[in-house]
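Right, one structure below, let's go through it.
Atoms within each ligand, like the ligands themselves, are counted from 1 in listed order.
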Amino acid sequence: MGRVLMIGAGGVATVAAFKIVQNTDVFTEFMIASHHVEKCDRLVKSIHDKGYNVDIKTAEVDADDVEQLKALFSSYQPDLVINLALPYQDLTIMDACLACGCNYLDTANYEPKDEAHFEYSWQWAYKDKFEKAGLTAILGCGFDPGVSQAYTAYAAKHHFDEIQYLDIVDCNAGNHHKAFATNFNPEINIREITQKGLYYKDGKWIETEPLEIHKDLTYPNIGARDSYLMHHEELESLVKNYPTIKQARFWMTFGKQYLTYLDCIQNLGMSRIDEVTYEAPLADDPTKTVKVNIVPLQFLKAVLPNPQDLGENYDGETSIGCRIRGIKDGKEHTYYIYNNCKHQDAFAETGMQGVSYTTGVPAMAGAMMFLKGIWKKPGVWNVEDFDPDPFLQVLNEQGLPWHEVFDGDLEL
Ligand code: NDP
């Protein structure tokens, strides 16, 4: 049905690749390209070792370089490019897609390297160009962003005339048995968590200090967990697409130990994203030194556990969902839609932990929606711009079943 090129060979890409080879009726040709081709080849080997006898091409590309991307896209000619590299590469990949007539999907919105700041404006600015080229770009098709928007769209379509209060709640109650580790790319993760909080209330955005507001929320099959209000990108598109929303917030759980380490990292200056000069020994003559500029957070990433290696000893589960209050047929209702995902189930299937799994499966499902022609319309779109029903059905069948609670106590 379609030829896809996936960029990236990290945790999320590994899960997406496993899911793509489980659906070869839709994904008929598949290439994985990343910074280091050895990593792509290792991923292909792990897929073959699990018994999937599928032909997968690999290639090396620096996705910061539009010319390299264009050369690759022109030679492989994919119908769809799935961007599972880092948010820094979103715009270069979108530029190359436009130049080569390829459609586009990603899981995280663009972030400049030198500014820990994320918003959709940079990518929404491509809307006209994609529309004129007759190409589809699907933004933020992981879990959150991604499934969180499909859940909201599903609630709006089936259960509410007006959504008024929306809380996206993201709990990871797993334990990887490391003193400190992040569940996805450490650089991106720490940049996100150390930012100021932001939520929407009565037509205004309200800023908070980082992790200033928190409270216990109870998650299904898990219990109460301290949950912190954070800024999250999908709130920006959801309040725009559902103007009846009076309040929209995003909550994520963190354990005490994680926060203590994070505090130390910040106090030591290791979360800095500006360059510092370091006098390093020369590789071929360690008695001599050379001045190099390093970004402390990038250095920290090099010494922290790789999120891809956490799966084996990870127990417990994640629980992510949307808690919604609004009006249906003149009456107030509440609605909670969520998925729980066990880290060990994700590991058994793909060798990755649950956070990579809950992101990689929706990326494959969104790509499937595009290739089947269900989510295909020229322009740049967020997940809630499309019909949620077929997407949620695929999630049910592909390892992320969802559950609903009607008129329960939302605790919010
Ligand atoms: P990883 O760091 O594990 O993987 C990133 C991959 O991109 C690596 O293979 C890396 O290659 C490759 N890469 C990095 N820079 C370049 C470049 N310039 N050119 C080519 N390839 C490059 O990250 P994750 O898998 O944890 O995360 C992937 C994406 O998913 C991120 O954008 C993250 O923000 C997003 N995400 C979204 C979530 C959601 O729910 N929506 C949740 C979690 C993550 P190498 O290692 O060889 O440098």
Side-chain angles (χ1 to χ4, degrees), residues 5-18 32-43 58-69 72 81-93 96 105-111 113 116 118 123 138-151 168 170 172 181-193 230 232-234 237 250 252 297-298 301-302 304-311 318 320-321 339 341 346 350-366 382-383 395 400:
L5 167 56
M6 183 176 85
I7 303 185
V12 175
T14 298
V15 173
F18 269 94
I32 305 171
S34 191
H35 229 177
H36 304 98
V37 72
E38 325 74 83
K39 220 167 161 179
C40 307
D41 292 333
R42 273 205 302 277
L43 170 52
T58 60
E60 184 156 302
V61 72
D62 178 358
D64 287 318
D65 182 341
V66 181
E67 293 310 313
Q68 281 193 37
L69 288 166
L72 179 67
V81 173
I82 304 177
N83 169 15
L84 299 179
L86 300 179
Y88 314 135
Q89 281 93 42
D90 288 2
L91 300 187
T92 45
I93 298 175
L105 178 144
D106 68 28
T107 62
N109 71 2
Y110 173 69
E111 229 184 292
K113 270 188 191 154
F118 48 89
Q123 289 181 279
I138 302 169
L139 305 184
C141 197
F143 208 106
D144 44 345
V147 178
S148 54
Q149 289 140 287
Y151 283 171
I168 300 170
D170 179 334
N172 180 4
T182 63
N183 296 297
F184 61 95
N185 185 287
E187 191 184 331
I188 305 298
N189 188 224
I190 291 173
R191 282 165 67 115
E192 176 181 325
I193 288 161
M230 290 174 53
H232 228 245
E233 59 212 64
E234 66 265 49
S237 67
F250 182 95
M252 191 178 269
L297 184 55
Q298 284 173 2
K301 173 184 182 270
L304 283 178
N306 182 344
Q308 281 182 257
D309 299 333
L310 298 176
T318 63
I320 318 176
N339 161 265
C341 175
T350 65
M352 296 293 118
Q353 32 82 0
V355 176
S356 300
Y357 192 85
T358 54
T359 312
V361 174
M364 179 284 296
N382 294 92
V383 165
L395 294 185
L400 294 179

**OP:** Verify whether one side chain among N172 and T318 offers a donor that lies under 3.5 Å from an acceptor in the other.
**Re:** no
Original post:
What residue and atom, counting heavy atoms only, is the protein's closest point to atom 9 (O) of ligand 1, and at what distance?
Top reply: A9 N, 2.8 Å
**OP:** For G140 and ligand 1, answer yes if some heavy atom of the residue is under 4.0 Å from a ligand atom, otherwise no.
**Re:** no
**OP:** Look at ligand 1 and say whether P87 reaches it with a heavy atom at a distance under 4.0 Å.
**Re:** yes
**OP:** Say whether Q123 and D106, considering side chains only, have a donor N or O and an acceptor N or O under 3.5 Å apart.
**Re:** yes
Original post:
Which protein heavy atom lies closest to atom 42 (C) of ligand 1, and at what distance to 0.1 Å?
Top reply: T359 OG1, 3.1 Å
Original post:
Can you name the nearest heavy-atom pair linking L5 to A33, along with the distance?
Top reply: CD1-CB, 3.9 Å
**OP:** If you have a sec, work out which protein heavy atom is nearest atom 35 (C) of ligand 1 and how many Å separate them, to one decimal?
**Re:** T107 OG1, 3.3 Å
Original post:
Side chains of Q89 and D64: do they bring a donor and an acceptor to under 3.5 Å?
Top reply: yes
Original post:
Between H36 and E38, does any side-chain donor sit less than 3.5 Å from a side-chain acceptor?
Top reply: no
**OP:** Indicate, as side chain, backbone, both or neither, the part of L84 found under 4.0 angstrom from ligand 1 when only non-hydrogen atoms are considered.
**Re:** backbone
**OP:** Step by step, work out the side-chain contact (heavy atoms from CB on, under 4.5 Å) result for F118 and E233.
**Re:** CA-CA 7 Å; F118 48 89; E233 59 212 64; 4.0 Å; yes
Original post:
In ligand 1, which numbered atoms sit nearer than 4.0 Å to a non-hydrogen atom of H36?
Top reply: 45 (P), 47 (O), 48 (O)
Original post:
Are any of the N/O atoms in V12 less than 3.5 Å from those in ligand 1?
Top reply: yes
**OP:** Go through ligand 1 atom by atom and flag the ones less than 4.0 Å from a non-hydrogen atom of G11.
**Re:** 3 (O), 25 (O)
Original post:
For ligand 1, which atoms sit closer than 4.0 Å to a heavy atom of D62?
Top reply: 17 (C), 18 (N), 19 (N)
Subject >> V61: numbered ligand 1 atoms lying under 4.0 Å from its heavy atoms >> reply: 19 (N), 20 (C)
Original post:
Nearest to atom 19 (N) of ligand 1, what protein heavy atom do you find, and at what distance?
Top reply: A63 N, 2.7 Å
Original post:
For atom 23 (O) of ligand 1, what is the nearest protein heavy atom, given as residue, atom name and distance?
Top reply: N185 CB, 3.7 Å
Original post:
If you look at every heavy atom in I32 and G8, which pair is closest and at what distance?
Top reply: CG2-O, 3.6 Å
**OP:** Assess P307 for proximity to ligand 1: is some non-hydrogen atom of it under 4.0 Å away?
**Re:** no
Original post:
Between V37 and A59, which heavy-atom pair has the shortest distance, and what is it?
Top reply: CG2-C, 3.7 Å
